[in-house]
Amino acid sequence: MPASDIIPARPTTAEIRRDFLDFFSSRGHTIVPSASLVPANDPTLLFTNSGMVQFKDVFLGAEKPGYMRAADVQRCLRAGGKHNDLDQVGYTARHHTFFEMLGNWSFGDYFKHDAIAWAWELLTRVWKIPADRLLVTVYHTDDEAYGIWRDVVGVPEDRIIRIGDNKGAPFASDNFWQMADTGPCGPCTEIFYDHGAHIPGGPPGSPDEDGDRFIEIWNLVFMQFDRQPDGRLEPLPAPCVDTGMGLERLAAVLQGVHGNYEIDLFQALVAKAARLTGTADLDNKSLRVIADHIRACSFLIVDGVLPSNEGRGYVLRRIIRRALRHGWMLGVRQPFFHRLVETLDAQMGEAYPELRAKRALVERALLAEEERFAETLDSGMRIFDELAARSTGTIPGADAFRLYDTYGFPLDLTADMARERGLEVDVAGFDAAMEQQRETARAAGKFGGGVTLPADLVARMAPTAFLGYEQLQADGTEVIALLRDGRPVDRIEAGEEAIVFLDRTPFYAESGGQVGDTGTLSAGAAAGTATAATGAPGAAGFSVEDTRKFAGQYHGHVGRLASGTLALGDRLRACVDAGRRGATILNHSATHLLHGALRERLGTHVAQKGSLVAPDRLRFDFSHFEPITAEELRDIEQRVNDEVRADHAVEFREMAMQEAIDAGAIALFGEKYGERVRVVKMGGSVELCGGTHVGRTGEIGLFKLVSEGGVSAGVRRIEALTGRAALDRVAEEEGRLSEAARLLGGTTAEVGDRLRALLDRQKKLEREVELLKARAASSATADLAATAVDVGGIRVLAARIEGLDARALRDALDRFKQQLGDAVVVLAGTTDGRAALVAGVSGSALGRVKAGELLSQVAARVGGKGGGRPDMAQGGGEDGPALQAALADVPAWVAERLA
């Protein structure tokens with residue numbers, strides 16, 4: 001196939017991003033910012049691993065955006081769970097942990113013709129890729145796409161390849177995309193770039209397709225079917241387009257290089273890594289690993305993930321430690337990895353302002369992890385070298401687990417090192433050791449899905465109208481769906497547990513850390529009494545034990561039907577437990593004030609990492625790298641209470657997302673926001689929040705800190721109380737203080753002075769007791785030296801002394817060794833049926849008798865254990881006849897050793 005050798009333009013990676021977005025913006029697309037690497041409200045995914053993740057609810061019909069065309073550059077990560085490219089990174093030309101996906105989207109607007117025509121126009125006219133360097137694939141039955149490529153675009157038939165079902169099942173093809181076993185799906189067309197005949201490999205669909213000559217650069221997915229459980233494909237009423245183009249692969253093509261690590265972005269990172277490690281060979285695979293991993297680690301931290309031993313934090317720790325190990329291989333023994341963030345910021349900070357804003361936090365988090373791992377890296381590497389040297393081909397699982405448990409080496413890091421030496425790791429054995437010690441850190445273990453709404457149910461349900469900002473009771477709400485055991489039903493009977501969906505509700509569904517409301521759903525006017533409204537048991541109705549949010553917009557009332565029957569279409573009175581809601585909103589509003597106080601006192605790096613807002617307490621997790629001092633805690637508590645006493649009016653506004661961010665509103669970790677957001681302002685705190693709050697901060701009454709501590713590396717936790725619970729806590733503390741004053745014989749104001757005086761007196765008495773014990777020990781042992789027996793010229797003393805603890809025994813042992821010279825001494829101090837044991841060897845006996853061996857055999861005979869150095873050892877056991885016998889046998893044991 002003829003191929004042009006030169007692509008005229010050599011755009012930078014940053015220019016390619018801009019070109020793509022400008023092109024589709026000029027064709028009516030809304031430019032959507034990249035979503036977080038942590039998928040919002042999606043427990044089925046560990047990380048955002050493709051461009052379509054943030055639009056998943058749109059394709060399922062659960063979310064209706066305010067636009068029909070969109071384009072974005074989505075940051076993605078594949079380093080955990082099902083989608084894991086970590087092992088290949090650095091060893092191939094195109095594998096990455098972190099990558100950027102260019103995408104344009106149509107939600108029921110344009111379809112195949114425009115998607116294909118625009119893709120070709122952008123590639124060949126804007127970026128001027130020679131047309132004879134491109135070929136395309138289509139699904140083998142997709143005559144429509146084939147015809148557009150041939151008749152509209154003008155691609156010759158010999159460069160349009162039909163790809164059939166090549167994976168052993170209908171529609172199981174590289175050119176047929178589906179979200180799951182059922183649901184939206186459709187054919188796709190892929191565009192490939194020919195790197196030239198000098199590169200091994202054949203075109204797609206050929207036996208040599210796995211070579212590197214023909215590289216896929218753009219995939220256009222046409223979602224036009226809804227796959228049924230029986231395998232049938234039903235046409236979707238509004239077909240959609242979902243495209244994805246890897247920025248790194250495209251940049252390699254446009255910059256005239258073969259591998260992704262040769263593009264400008266990576267060359268800058270590789271060059272910086274080479275300077276930091278003193279490496280002259282810029283093709284070194286370790287430099288590639290480091291350059292790749294700094295992107296993944298930095299953006300994970302930007303998106304709220306910090307190193308830990310579970311879930312996403314463990315994946316981050318694995319990637320960091322893999323990069324540090326490659327630095328170690330290059331001879332680096334000092335922290336270096338965090339210093340690449342500066343170069344990353346220069347390359348990507350303009351496209352991702354959040355990276356620039358959080359650069360200091362990223363550097364600090366990486367440095368802390370580098371310092372932590374450096375403490376064990378050298379030792380762990382020596383252990384691995386020993387294991388590899390004696391291995392017959394496989395590193396035992398128990399040894400791999402020891403490297404993980406003792407030296408912090410993740411399993412894939414050990415496997416990575418083993419592979420470099422032609423070895424394997426016994427993964428099954430590692431898993432068994434992990435399970436046995438119950439110290440698992442499986443990356444995807446915490447991310448199982450719960451109850452999900454069937455797609456056909458979502459398609460016919462309107463989002464729940466939430467009334468709970470203004471009212472706690474609503475009449476005439478309609479039952480629009482019922483779930484029992486996770487499946488839709490038409491009715492439920494008394495005693496059955498179910499989830500009830502209403503067309504509108506005053507019940508707040510759990511989100512943003514605020515717990516879901518409880519209360520009652522009842523039929524008939526009699527149920528709508530004050531009793532029902534407070535959530536007390538009624539004569540009939542559905543008891544709501546929790547309210548949860550499904551698909552981001554449906555409020556599910558979880559509970560049990562007390563009596564009667566409940567069916568679709570029934571009209572109910574919905575009554576929220578007002579007392580419980582009231583206590584909850586005090587804690588929620590106080591959480592906002594606490595967040596603001598933490599940022600004021602500790603710094604703007606403080607970001608929420610999770611929260612619990614319940615009726616009885618609040619819990620707030622946040623990023624910070626050191627314990628908070630008592631003085632800082634007092635100041636933080638005071639700042640919150642100052643805001644409470646100021647009695648600020650709490651203001652609520654709805655505005656565009658970008659407008660809110662520009663106004664200084666803080667978006668909370670793990671939350672998903674739409675185009676319009678609710679902004680809550682109280683005093684100096686301005687946050688995006690859909691939760692319920694007080695009307696004025698004075699309603700909180702009192703804010704009382706209860707505890708502060710670490711949750712994981714770089715994450716702290718504060719627990720606090722408000723309102724009546726805070727007053728009760730103060731009353732309890734005052735009661736304890738009064739009781740302490742009574743016991744000390746003074747007033748509460750004198751407690752400190754009297755307690756200090758008491759402790760001083762206690763210390764004085766303890767010193768006197770120690771002195772008396774020493775005198776008693778001296779007196780008790782004064783005549784024992786005379787009982788020592790001569791064994792081969794060595795004085796041997798084995799004696800039992802009542803009332804001496806281990807410290808007094810050691811003092812006595814030292815005296816006997818000085819008195820007896822060439823000696824072996826064993827002493828047993830007994831108290832309340834237990835014996836403390838010490839043994840010592842001195843003079844010419846050293847080297848001939850070992851104190852540790854002697855003590856071990858004595859302790860073993862009295863049901864204990866012990867050991868130590870050749871000259872001194874200690875342990876313990878039971879007092880009794882066996883002890884007397886063991887001591888009596890010491891001379892014979894020494895004689896045997898001397899012989």
Side-chain angles (χ1 to χ4, degrees), residues 13 16-17 19-21 23-25 27 29-37 39 42 45 47-60 65 69-78 82-83 85 94-107 109-112 114-123 126-127 129 134-139 142 145 163 173-180 184-193 204 214-224 239-254 260 263 299 351:
T13 306
I16 295 169
R17 271 195 219 97
D19 289 345
F20 179 84
L21 295 177
F23 179 88
F24 283 102
S25 176
R27 284 150 182 79
H29 290 65
T30 297
I31 304 305
V32 180
S34 170
S36 166
L37 288 175
D42 189 344
L45 278 180
F47 297 111
T48 298
N49 55 36
S50 66
M52 66 82 58
V53 169
Q54 72 164 312
F55 300 113
K56 183 176 176 181
D57 287 343
V58 179
F59 291 130
L60 290 173
R69 300 179 179 187
D72 69 342
V73 181
Q74 174 62 50
R75 52 184 183 264
C76 304
L77 191 84
R78 292 185 179 176
K82 176 182 176 182
H83 301 285
D85 291 338
R94 295 175 189 86
H95 277 96
H96 302 290
T97 49
F98 174 96
F99 60 96
E100 297 176 81
M101 187 66 72
L102 310 174
N104 59 287
W105 316 80
S106 166
F107 308 113
D109 187 13
Y110 64 84
F111 202 45
K112 295 180 184 179
D114 288 338
I116 290 173
W118 286 335
W120 193 257
E121 179 184 356
L122 180 56
L123 291 175
V126 176
W127 286 322
I129 298 177
L134 301 174
L135 59 81
V136 298
T137 63
V138 298
Y139 188 55
D142 192 358
I163 302 295
S173 167
D174 289 336
N175 279 70
F176 195 91
W177 183 91
Q178 50 193 9
M179 188 178 297
C185 60
C188 61
T189 182
E190 297 177 329
I191 304 173
F192 287 75
Y193 178 78
F214 296 91
I215 299 300
E216 176 200 336
I217 57 173
W218 206 342
N219 185 13
L220 285 63
V221 175
F222 306 123
M223 274 182 270
Q224 61 185 110
C240 300
V241 171
D242 159 11
T243 85
M245 177 162 49
L247 176 60
E248 295 82 3
R249 288 190 180 192
L250 178 64
V253 169
L254 296 181
N260 293 3
I263 66 176
F299 278 99

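Numbering of residues begins at 1 and proceeds along the displayed sequence.
The nearest pair of heavy atoms linking R75 to S36 is NH2-CA, 4.2 Å. Scanning all heavy atoms of the two residues, the minimum distance from I16 to L247 falls at CG2-CD1, 3.6 Å. The two atoms that bring D174 and E190 nearest to each other are O-OE2, 3.6 Å, heavy atoms only. In terms of heavy atoms, M101 sits closest to C76 at CB-SG, 4.0 Å. A145 and V138 get closest at one heavy-atom pair: CB-CG1, 4.1 Å. The minimum heavy-atom distance linking F107 with P65 is given by the pair CD1-CG, 4.3 Å.
Interatomic distance, CZ of F24 versus CG of L122, reported as 6.0 Å (0.5 Å rounding). With values rounded to the nearest 0.5 angstrom, F99 atom CZ is found 7.0 Å from N49 atom CG. How far CG of L21 is from CG of N104: 10.5 Å, rounded to the nearest 0.5 Å. Note that CG of N219 and CE of M245 are 11.0 Å apart. Values are rounded to the nearest 0.5 Å. Interatomic distance, I163 CD1 to D142 CG, rounded to the nearest 0.5 Å: 12.5 Å. Atoms CD1 and CG, from I129 and L250 in turn, are 6.0 Å apart once rounded to the nearest 0.5 Å.
Here the side chain of Q74 pairs no donor or acceptor atom with the backbone of M52 at under 3.5 angstrom.
Residues forming a side-chain hydrogen bond (donor to acceptor under 3.5 Å, both in side chains) with S106 (at least two apart in sequence, or on another chain): none. Listed by chain and residue number, R295 satisfy the salt bridge (Lys or Arg N to Asp or Glu O under 4.0 Å) test with E248 (two or more places apart in sequence, or in another chain). Evaluation of the side-chain contact (heavy atoms from CB on, under 4.5 Å) rule for P204 yields L135, T137, I161, F192, E209, F214 as partners, not counting sequence neighbours.
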#### Entry: From CA spacing to verdict: side-chain contact (heavy atoms from CB on, under 4.5 Å), Y193, R249
CA-CA 10 Å; Y193 178 78; R249 288 190 180 192; over 6 Å; no
### Query
Can R78 and S50 be said to form a side-chain contact (heavy atoms from CB on, under 4.5 Å), step by step?
CA-CA 9 Å; R78 292 185 179 176; S50 66; 4.3 Å; yes
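No hydrogens or angles considered: a donor-acceptor pair under 3.5 Å links the side chains of W127 and D19.
Residues D72 and Q54 meet the side-chain proximity criterion, which asks for heavy atoms closer than 4.5 Å. By the 4.5 Å heavy-atom criterion applied to side chains, T48 and P39 are counted as neighbours. F222 places a side-chain heavy atom less than 4.5 Å from the side chain of I116.
With H29 as the partner, the ring-ring contact (aromatic ring centres under 6.0 Å, His included) test is satisfied by one option alone out of W105, W118, F20: W118. A side chain to side chain contact (heavy atoms under 4.5 Å, CB included) with L220 is found for exactly one of V136, T243, D242, namely T243.
A salt bridge does not link D114 with R27: every distance from a Lys NZ or Arg NE/NH1/NH2 to an Asp or Glu carboxylate oxygen is 4.0 Å or more.
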